[in-house]
Amino acid sequence: MTTLGETQRLQLRDEPALTARPPVPQAFYDRPALTVARETLGMVLVRQGPAGRQAGRIVEVEAYDGPGDAASHARSGACGRAQVMFGPAGYAYVYLIYGIHHCLNFVTGPVGYPAAILVRGLEPLVGITERTNGPGLICRALAVDRRLNGIPLTSAELWLEDWGQSVADSDVIARPRIGIHFAGEPWASQPWRLYERDNRWVSKR
DNA sequence: TGCCGGATCCTG
DNA sequence: AGGATCCGGCAA
């Protein structure tokens with residue numbers, strides 16, 4: 001596995017037209033949440049929306065895994081907003097939080113098993129001018145709201161691409177998830193927040 | 001039907 | 001440290 005240094009990433013930023021790749025297929029998401037989370041680091045999130053084509057490299061994610069995860073929206077069953085998490089892998093789960101901000105997730109795993117990856121940090125590559133170090137900021141910068149809830153990640157509006165900028169194992173940091181103290185143990189301590197070491201686009205704390 | 005609190009972010 | 005501001009879950 002090779003990783004690109006900062007210099008090569010800067011070169012990629014200068015050649016956006018040359019870097020488009022096919023969308024990551026649905027099968028990528030149809031695996032355990034932690035596996036998908038690890039491999040999602042370094043993948044490029046592409047948004048085709050009101051601002052045209054935007055792209056950024058995912059540098060921070062969190063996994064929410066299974067019906068027993070007390071921090072997951074799926075903890076109360078397949079009702080309300082969490083329904084998408086119980087559906088097939090490879091779909092977007094977008095919800096409104098604190099009445100103000102949106103959060104973007106990728107549904108993972110088999111039908112009936114609720115799991116998802118929350119996108120928390122994005123390194124701008126193409127067409128992104130606002131801050132993207134935090135889940136609400138990412139959605140604002142990419143014009144992602146609940147209209148995108150439930151769309152497939154192979155759609156023409158939002159998808160992942162592999163630009164060959166994966167994160168080396170030695171650069172992956174695993175820590176407890178943010179803002180889920182209410183879940184209690186062991187969930188509050190599960191190291192299911194993954195991010196790239198020393199990347200400025202990782203959310204604060 | 002009402003209330004409580006949240007996978008956040010900004011301002012003071 | 002506290003406010004913004006909507007929605008889901010749970011108690012009554």
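Proteins come first, then strands; the chains are lettered A, B, ... in the order of their sequence lines, and each starts at number 1.
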Could you state the atom-to-atom distance from [atom1] of [X] to [atom2] of [N] in whole Å?
{"X": "R81(A)", "N": "dG5(B)", "atom1": "CZ", "atom2": "P", "value": "15 Å"}
{"X": "L194(A)", "N": "dA7(B)", "atom1": "CG", "atom2": "P", "value": "19 Å"}
{"X": "R75(A)", "N": "dA7(B)", "atom1": "CZ", "atom2": "C1'", "value": "9 Å"}
{"X": "L118(A)", "N": "dA7(B)", "atom1": "CG", "atom2": "P", "value": "10 Å"}
{"X": "N149(A)", "N": "dG8(C)", "atom1": "CG", "atom2": "C1'", "value": "14 Å"}
{"X": "Y93(A)", "N": "dA7(B)", "atom1": "OH", "atom2": "P", "value": "9 Å"}
{"X": "I178(A)", "N": "dC9(B)", "atom1": "CD1", "atom2": "P", "value": "10 Å"}
{"X": "H102(A)", "N": "dC9(B)", "atom1": "NE2", "atom2": "P", "value": "13 Å"}

Think [X] has a side-chain N or O under 4.0 angstrom from the OP1 or OP2 of [N]?
{"X": "R131(A)", "N": "dT8(B)", "value": "no"}
{"X": "R146(A)", "N": "dC7(C)", "value": "yes"}
{"X": "R140(A)", "N": "dT8(B)", "value": "no"}
{"X": "H73(A)", "N": "dG8(C)", "value": "no"}

Starting at the 5' end of DNA chain B, which residue's closest nucleotide do you reach first, L96(A) or I138(A)? L96(A)
Go through [options] for me and flag the one nearest to the [X] side chain.
{"X": "S76(A)", "options": "dG9(C), dC9(B), dA7(B)", "result": "dG9(C)"}
{"X": "Y95(A)", "options": "dA7(B), dC6(C), dC10(B)", "result": "dA7(B)"}
{"X": "Y98(A)", "options": "dA4(C), dG8(C), dC10(B)", "result": "dA4(C)"}

Evaluate salt bridge (charged side-chain N to carboxylate O under 4.0 Å, His left out) for D145(A) paired with R140(A), printing each intermediate quantity in order. CA-CA 8 Å; D145(A) 59 32; R140(A) 188 167 73 182; over 6 Å; no
Using purine N1 to pyrimidine N3 plus N6-O4 or O6-N4 for Watson-Crick, or N1-O2 and O6-N3 for G-U wobble, each under 3.5 Å, what pairs with dC4(B)?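 Partner of dC4(B): dG8(C).
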Pairing partner of dA1(C) (Watson-Crick or G-U wobble, both distances under 3.5 Å):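 dA1(C) is paired, partner dT11(B).
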Ring-on-base stacking dA7(B) with Y64(A) (under 5.5 Å, under 30°):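 By the stated criterion, Y64(A) and dA7(B) stack.
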Give one of base, sugar-phosphate or nothing for I180(A), where a contact means two heavy atoms less than 4.0 Å apart.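 Sugar-phosphate only.
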Any base atoms under 4.0 Å from I100(A), or only sugar-phosphate, or nothing? Heavy atoms, all strands. base
What about the rings of Y95(A) and H102(A), do their centers lie closer together than 6.0 Å?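 So the answer is no for these two rings.
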Taking T40(A) for the side chain and V36(A) for the main chain, is one N or O donor matched with an acceptor at less than 3.5 Å?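 At least one qualifying donor-acceptor pair exists.
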Indicate whether the side chain of [X] and that of [Y] have a donor and an acceptor atom separated by less than 3.5 Å.
{"X": "T132(A)", "Y": "E123(A)", "result": "no"}
{"X": "W187(A)", "Y": "E185(A)", "result": "no"}
{"X": "Y113(A)", "Y": "D65(A)", "result": "yes"}

Between I97(A) and G80(A), who's closer to the 5' end of DNA chain C by nearest nucleotide? I97(A)
